Asker: 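First the structure, then my questions, so here it is.
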There are 2 protein chains.
Amino acid sequence: MLSHKAKYALKALLYLAEQDENHISRTVEIADGANIPKKFLEQILLDLKRGRFVSSKQGKFGGYYLIKSKNDITLAEIHRLFDGAIALLPCASLNFYEPCSDCKTESECNLRHGLMLIRDKTLKAMEGITIASLVKK
Amino acid sequence: MLSHKAKYALKALLYLAEQDENHISRTVEIADGANIPKKFLEQILLDLKRGRFVSSKQGKFGGYYLIKSKNDITLAEIHRLFDGAIALLPCASLNFYEPCSDCKTESECNLRHGLMLIRDKTLKAMEGITIASLVKK
DNA sequence: CTAATTCCTAGTAAATCGATAGAATTTATA
DNA sequence: TATAAATTCTATCGATTTACTAGGAATTAG
């Protein structure tokens, strides 16, 4: 399941993607438009900035805007930024790999291989969902 | 990600699937064989029993055994029993559906449709992984 | 200088997770 | 029938995570 943070991030990105080119959106505007608690959204937007999905203009008349094409922002990326691994166990993860402490050796693990199959399919599906594909026409 | 509980459940089922037909496995035997904390495993086996994957014999020389074919126990079922919904949000879930409180109306939600696509693909993949398919030959 | 905004750090209440503890119940068999 | 060996039940616990909230510092336009 997605955390609220990831869900809010997606909704915020969708909001930004729906604005006119060159429009700068204030946090409060996004919060109201997408129904997200404002103070919480502040943190999320900063995370999205650190992840180079959006950039900001500080000070009066400042705000946030997309710096990555909505066609290039995938659900997989947002999941990883906010919720971490897409695989079902760390030992089956590409980006968040960690060995399992309860497995004697990895080659003997009956779970890992199957979970990597799942990971590949889920990842492929999640990479197919972009912000652009989600925006209502 | 899977909880430890779900992971241990899978490992316990794998252990049971590897035993001879009619063999009854004590908790401590499964715990040692699959490297699972014994007291924690007790609860997990009770959950698996309530889920009708295993049954038990009480008292001396008692223990647990599979009552569902290892070909019919899927990763999807175990995920749902221990970790709940497979979908990324409750509003996109088949078995754990709940509306989102932050969405005005469901038809206006830009996320839901995409998340249901993911759910369908992930679910299909997870239904393809059975205990039998995981057992080492 | 002031107002409006992002940026930063901390805190907090509630829930969840990953167990552990202890005792009640059930069963086989000596 | 007593005993040993097992499941079953219920409660508790510490650590972590989650979903926020609070407050102020820094930045910028006019």
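Both backbone and side-chain heavy atoms feed into the values below; hydrogens, waters and symmetry mates do not. These figures come from a predicted structure and were not determined experimentally. Just so we're on the same page: letters track the sequence lines, and every chain starts at 1.
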Asker: Using the side-chain hydrogen bond (donor to acceptor under 3.5 Å, both in side chains) rule, collect all pairs that involve residues 58-68 of chain B, keeping only residues at least two apart or in two chains.
Answerer: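 As it turns out, the side-chain hydrogen bond (donor to acceptor under 3.5 Å, both in side chains) pairs with a partner in residues 58-68 of chain B, which skip direct neighbours, are B:Lys68-B:Glu77.
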Asker: Quick check against the 3.5 Å criterion: does B:Thr122 have a side-chain atom that pairs as donor or acceptor with the backbone of B:Ile118?
Answerer: yes
Asker: What residue pairs, at least two apart or across chains, pass salt bridge (charged side-chain N to carboxylate O under 4.0 Å, His left out) with a residue in residues 10-20 of chain B?
Answerer: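 Residue pairs with at least one partner in residues 10-20 of chain B: A:Asp102-B:Lys11.
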Asker: Whole-Å distance between D:dA6 P and B:Tyr65 OH?
Answerer: 16 Å
Asker: Treating A:Glu42 as the side-chain partner and A:Lys38 as the backbone partner, does any N or O pair qualify as donor plus acceptor under 3.5 Å?
Answerer: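 Absent.
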Asker: Between P on C:dT20 and CD1 on B:Ile36, what's the gap in Å once rounded to a whole number?
Answerer: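 Rounded to the whole Å, the gap is 13 Å.
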Asker: A:Arg26 side chain to A:Gly62 main-chain N or O, any donor-acceptor pair under 3.5 Å?
Answerer: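 No.
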Asker: Between atom CG in B:Asp102 and atom C1' in D:dC20, what is the gap in whole Å?
Answerer: 14 Å
Asker: Give me the atom names and distance for the closest heavy-atom approach of B:Met1 to A:Ala87.
Answerer: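 Residues B:Met1 and A:Ala87, closest heavy atoms: SD-O, 3.1 Å.
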Asker: With the threshold set at 4.0 Å, does a side-chain nitrogen-carboxylate oxygen contact exist between A:Glu127 and A:Lys124?
Answerer: no
Asker: Using a cut-off of under 3.5 Å, enumerate the N/O to N/O pairs linking the protein to nucleotides 14-16 of chain D.
Answerer:
none

Asker: Is a donor on one side and an acceptor on the other found under 3.5 Å between the side chain of B:Arg80 and the backbone of B:Ile86?
Answerer: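 Not confirmed, B:Arg80 side chain does not pair with B:Ile86 backbone.
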Asker: Scan residues 3-26 of chain A against DNA chain C and write down, sorted by residue number, each residue with any heavy atom closer than 4.0 Å; if none is found, say none.
Answerer: A:Arg26
Asker: Between protein and nucleotides 28-30 of chain D, what N or O pairs are separated by less than 3.5 Å?
Answerer:
residue : atom : partner : partner atom : Å
D:dT28  : O2   : A:Lys60 : N            : 3.2

Asker: If we count only N and O atoms by modelled type, under 3.5 Å, do the side chains of A:Asp83 and A:Ser3 hold a donor and an acceptor together?
Answerer: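 Short answer, yes.
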Asker: Which heavy-atom pair separates B:Ser25 from B:Ile30 by the least distance, and what is that distance?
Answerer: CB-CG1, 3.8 Å
Asker: Could you check whether any side-chain N or O of B:Arg119 sits under 3.5 Å from a backbone N or O of B:Ala92, counting only pairs where one atom can act as donor and the other as acceptor?
Answerer: yes
Asker: Would you give the length of the straight line joining atom CD1 of B:Ile131 to atom CG of B:Leu75, rounded to the nearest 0.5 angstrom?
Answerer: 8.0 Å
Asker: Got a sec? Which of residues 37-56 of chain B come in under 4.0 Å of DNA chain C, heavy atoms?
Answerer: B:Pro37, B:Lys39, B:Phe40, B:Gln43
Asker: Could you tell me the separation between the CD1 atom of A:Ile129 and the CD1 atom of A:Ile78, rounded to the nearest 0.5 Å?
Answerer: 13.0 Å
